[in-house]
Amino acid sequence: MNKDLYIFNSLTSKKELFKSIIPNQVSLYVCGPTVYSSSHMGHARSAIVFDSIVRFLKYIGLKTKYVRNFTDIDDKIIARANEEGRKPEEISEKYKLEYIQDMKSLGCNDPDHQPSVSENIPEIINLIKDIIEKKFGYESNGDVYFNVQKFKEYGKLSNQSIDSILSNTRLEINPNKNYELDFALWKEAKPNEPYWESPWGNGRPGWHIECSAMSRKYLGENFDIHGGGRDLIFPHHENEIAQSECISGKKFANYWIHNGLININKEKMSKSIGNIVNIKEGLKVWDKNIFRILFLTHHYRTPVDLSNKKLAEVGKSLLNLKKKLEINESSSSNFKELWVSAMLDDFNTAKALGYYFKFINDGKLSNKSTVELEEFEETMGISGWRNDISNPTDKNPINKEEIEELIIERNKARSEKDWVKADKLRERAEELGIKLLDNDEGTIWE
RNA sequence: GGCGGUGUAGCCAAGCGGUAAGGCGAUGGUCUGCAAAACCAUUAUACCCCGGUUCGAAUCCGGGCACCGCCUCCA
């Protein structure tokens, strides 16, 4: 089997043969959440995409080191804390724990490291010192800024020149900055804001520096893959590159993977529109495998439209699939070869899942191929649904006694050939979300 | 305005130079009191439009049109 892995690299906008820095090892850094509110479907998709990528890398025998950070120092956290009359660290701690729990509920494995900004202040201060020393940063009234013009490759990830960014960006006039596009590495604390001591006075890190500091700490100056949502390309990832490469003189991340965003009922999901769907609410109604499969039947770079209709369709497809699970020893297939080759081609989970559906629907499961099926499910993180007797499309508790009574009553009507009454009782069952199926052994429901 | 993306059946979605995966839905048949389920069969001569390259294009190139994202905090 061909084992070459191709990855679409956002840095070059090309699909490239993946070559790791250290043979058979992959280092991966993914931008995690800012923990100031409950995690939402955007976090879910990103986590699921990278979870399946890491699982696959492991499956093909690579040793992975996966780091995902928490941004736990941030203006929004401070604002939220003020609103609720609590300490910022109480807010961030609460949502950090929630995030970890939500990702578990979605069947995502923990990254190897989940560092927080607050635990890496010395590393951040040292990095800023280095940047200043190399004249890529400057202090100004207690703030420290990055000198964008000095970094000649600024704009290479988002494919823009400094001039075009400048002419297309509206920035607040900040008298502390030497140049409009310069961004903060360190911000002086205002009264009543949390702060850390630094050579430039009391303050806190800027938004982008944390990822440069933490990726360097855990993965080194040059690592294999950096991931995150598409929306982070500019300015966040662009700034990370500038901060990191100006110090090391080395390429920061070799490959950049950006996942597509979520729409809700065909409308952009965003804080300003206010249509954020949070994970806990979603999981109350739909099984985690339904979210996983919905996301993974789309290529990771395309947008996904989330709606109850789509989720119900996935649920229905699993329900249909469950009816095809009989073992037929005489059959054989090349399922494994097919799905692995799909994944080797820029993690094409949609194509791989297509093979999976076909494989099961063709009714060609043997005991041997069931093992292949389990390997695939493990890689996609969609284990368990085949043996789960509950209906994945309906997580509402069902009153069994009520249904049994209804069936008895209906069967009585049927034996009396009172079809009108029988049909009415079936309609009532449907109102309860139950389908009554008559077969040779009697009436069953689902 | 700058940068980027997308346009494939009723809906969703793979495919990215060799003759249209998969899912939902729909239709016909068998079965059934009628249904459902199950089983069998059908469901894009066609990939936004117009040119071009090629033996061959949904796939490459040029030009349109439409929609979307980033450029402000966001995964």
Side-chain angles (χ1 to χ4, degrees), chain A residues 10 13 15 30-34 36-37 39-50 68 71 74-76 79 99 155 157-161 163-172 207 227-236 238 258-263 266-273 276 293-294 297-299 301-305 307 309-321 323-324 338 342 345-346 348-361 363 413-415 417-420 422-423 426-427 429-430 435-440 443-446:
Chain A
S10 307
S13 296
K15 213 186 269 184
V30 176
C31 287
T34 301
Y36 70 103
S37 63
S39 44
H40 59 247
M41 285 303 159
H43 299 120
R45 160 118 104 147
S46 179
I48 288 169
V49 163
F50 289 103
R68 183 178 60 209
T71 298
D74 178 89
D75 294 358
K76 293 186 293 298
Y99 179 89
L157 180 67
S158 54
N159 196 21
Q160 290 171 296
S161 66
D163 290 342
S164 75
I165 298 170
L166 189 61
S167 65
N168 296 316
T169 306
R170 279 188 196 162
L171 292 169
E172 290 172 35
W207 175 32
R230 267 193 105 81
D231 52 342
L232 295 178
I233 291 175
F234 189 86
H236 187 233
E238 196 72 72
H258 289 104
N259 64 273
L261 307 183
I262 300 283
N263 293 139
K266 310 212 169 168
E267 190 177 37
K268 177 191 168 186
M269 182 177 90
S270 78
K271 309 216 158 129
S272 51
I273 295 175
I276 307 286
I293 290 172
L294 179 66
T297 49
H298 294 68
H299 186 94
R301 257 181 287 119
T302 66
V304 170
D305 185 50
S307 65
K309 180 170 175 269
K310 287 278 146 256
L311 290 162
E313 278 181 20
V314 174
K316 189 72 204 315
S317 72
L318 290 185
L319 218 48
N320 288 342
L321 230 44
K323 292 163 184 162
K324 301 277 191 156
L338 290 170
D345 184 12
D346 195 27
N348 195 333
T349 53
K351 197 173 186 181
L353 277 162
Y355 292 132
Y356 175 71
F357 276 91
K358 186 162 170 54
F359 182 42
I360 297 177
N361 273 329
R414 289 176 73 214
S415 65
K417 297 201 192 299
D418 184 351
W419 306 127
V420 176
D423 286 349
R426 179 157 57 200
E427 277 168 30
E430 272 167 23
K435 269 187 190 167
L436 297 181
L437 313 177
D438 302 328
N439 62 22
D440 294 345
T443 303
I444 58 164
W445 56 271
E446 63 174 37

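The sequence lines fix the lettering, A, B, ..., with proteins before strands; numbering per chain opens at 1. These values consider heavy atoms only, across backbone and side chains, with no hydrogens, waters or symmetry-generated copies.
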*Asks:* Checking base pairs now: Watson-Crick or wobble, both atom distances under 3.5 Å. What partners B/G69?
*Replies:*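 Its partner is B/C3.
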*Asks:* Which of these nucleotides, B/C70, B/A38, B/C39, is closest to any side-chain atom of A/D231?
*Replies:*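 Of the candidates, B/C70 comes closest.
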*Asks:* Closest nucleotide of RNA chain B for A/M41 versus for A/Q160: which of these residues is on the 5' side?
*Replies:*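 Residue closer to the 5' terminus by nearest nucleotide: A/Q160.
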*Asks:* Could you check how far CG of A/D163 sits from P of B/G1, rounded to whole Å?
*Replies:* 19 Å
*Asks:* For atom C1', what is the distance between B/G22 and B/A14, given to the nearest Å?
*Replies:* 7 Å
*Asks:* Taking for each residue the nucleotide of RNA chain B bearing the nearest heavy atom, is the 5' side occupied by A/H43 or by A/H299?
*Replies:* A/H299
*Asks:* In whole angstrom, give me the gap between the P atoms of B/G33 and B/C40.
*Replies:*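 It comes out at 23 Å once rounded to the nearest Å.
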*Asks:* How many angstroms lie between atom NZ of A/K310 and atom NE2 of A/H298, to the nearest 0.5 angstrom?
*Replies:* 7.5 Å
*Asks:* When the distance from CG of A/L294 to P of B/A13 is rounded to whole Å, what number comes out?
*Replies:* 10 Å
*Asks:* I'd like to know if the side chain of A/R45 and the backbone of A/G260 have a donor-acceptor N/O pair within less than 3.5 Å.
*Replies:* yes
*Asks:* Any Lys/Arg nitrogen of A/E313 or A/K316 sitting under 4.0 Å from an Asp/Glu carboxylate oxygen of the other?
*Replies:*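 So A/E313 does not pair with A/K316 through a salt bridge.
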*Asks:* According to a strict under-4.0 Å criterion, is A/K324 in side-chain N/O contact with OP1 or OP2 of B/C39?
*Replies:* yes
*Asks:* Under 4.0 Å: is that the gap between some side-chain N or O of A/N159 and OP1 or OP2 of B/G4?
*Replies:*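 So the side chain of A/N159 is within the cut-off, an N or O lying under 4.0 Å from OP1 or OP2 of B/G4.
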*Asks:* Taking atom P in both B/C70 and B/A75, compute the distance separating them and give it to the nearest angstrom.
*Replies:* 13 Å
*Asks:* Round to a whole Å and report the spacing from CZ of A/R301 to P of B/G5.
*Replies:*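 So the CZ-P distance, A/R301 to B/G5, works out to 10 Å.
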*Asks:* Could you work out which one of B/G15, B/G33, B/A75 sits closest to the side chain of A/K351?
*Replies:*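 So the nucleotide nearest the side chain must be B/G15.
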*Asks:* For B/G25, give its Watson-Crick or G-U wobble partner with both distances under 3.5 Å, or none.
*Replies:*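 Result: B/U43.
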*Asks:* Taking CG from A/D345 and P from B/A21, how many angstroms apart are they, rounded to a whole number?
*Replies:*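 Rounded to whole Å, this separation is 18 Å.
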*Asks:* State whether A/K266 places a side-chain N or O below 4.0 Å from either non-bridging phosphate oxygen (OP1 or OP2) of B/C12.
*Replies:* yes
*Asks:* I need the CD1-P distance between A/I276 and B/C73, as an integer number of Å.
*Replies:* 16 Å
*Asks:* With respect to the side chain of A/N361, which nucleotide from B/G15, B/G23, B/A75 is positioned closest?
*Replies:* B/G23
*Asks:* Rounded to the nearest Å, what distance is computed from the CD1 atom of residue A/I165 to the C1' atom of nucleotide B/C3?
*Replies:*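 Answer to the nearest Å: 9 Å.
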*Asks:* Short question: side chain of A/N348, backbone of A/A342 - any donor-acceptor pair under 3.5 Å?
*Replies:*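 Not a single qualifying donor-acceptor pair exists.
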*Asks:* Any sub-3.5 Å donor-acceptor pair from A/S46's side-chain atoms to A/H43's backbone N or O?
*Replies:* no
*Asks:* Determine: side-chain N/O of A/K316 to OP1/OP2 of B/G23, distance under 4.0 Å, yes or no.
*Replies:* no
*Asks:* Could you check which nucleotide pairs with B/A38 in any of the strands shown, counting Watson-Crick or G-U wobble with both distances under 3.5 Å?
*Replies:*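 Here B/A38 is engaged in a pair, and the nucleotide opposite it is B/U30.
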*Asks:* Does any nucleotide pair with B/C16 by Watson-Crick or G-U wobble geometry, both distances under 3.5 Å, and what is it?
*Replies:*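 Partner of B/C16: none found under 3.5 Å.
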*Asks:* Within this structure, what is the CZ-to-P distance between A/F357 and B/C24, rounded to whole angstrom?
*Replies:* 7 Å
*Asks:* Taking 4.0 Å as the cut-off, does a side-chain nitrogen or oxygen of A/T302 come that near to OP1 or OP2 on B/A14?
*Replies:* yes
*Asks:* Report the base-pairing partner of B/C60 (Watson-Crick or G-U wobble, both distances below 3.5 angstrom), or none.
*Replies:*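 Pairing partner, where one exists within any strand: B/G52.
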*Asks:* Test A/R301 against A/D346 for salt bridge (Lys or Arg N to Asp or Glu O under 4.0 Å), laying out the working first.
*Replies:* CA-CA 10 Å; A/R301 257 181 287 119; A/D346 195 27; 2.2 Å; yes
*Asks:* Respond yes when some side-chain nitrogen or oxygen of A/N320 is under 4.0 Å from OP1 or OP2 of B/C24, and no when none is.
*Replies:*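 Yes, within the criterion.
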*Asks:* Between B/G15 and B/G28, how many Å separate the two C1' atoms, rounded to a whole number?
*Replies:* 30 Å
*Asks:* So, does A/Q160 use its side chain to make a donor-acceptor pair with the main chain of A/G155 at under 3.5 Å?
*Replies:* no
*Asks:* For the pair made of OH in A/Y36 and C1' in B/A75, what is the distance, rounded to whole Å?
*Replies:* 11 Å
*Asks:* Of the nucleotides B/C24, B/C73, B/C12, which one has an atom closest to the side chain of A/E313?
*Replies:* B/C24
*Asks:* Think A/S164 has a side-chain N or O under 4.0 angstrom from the OP1 or OP2 of B/C71?
*Replies:* no
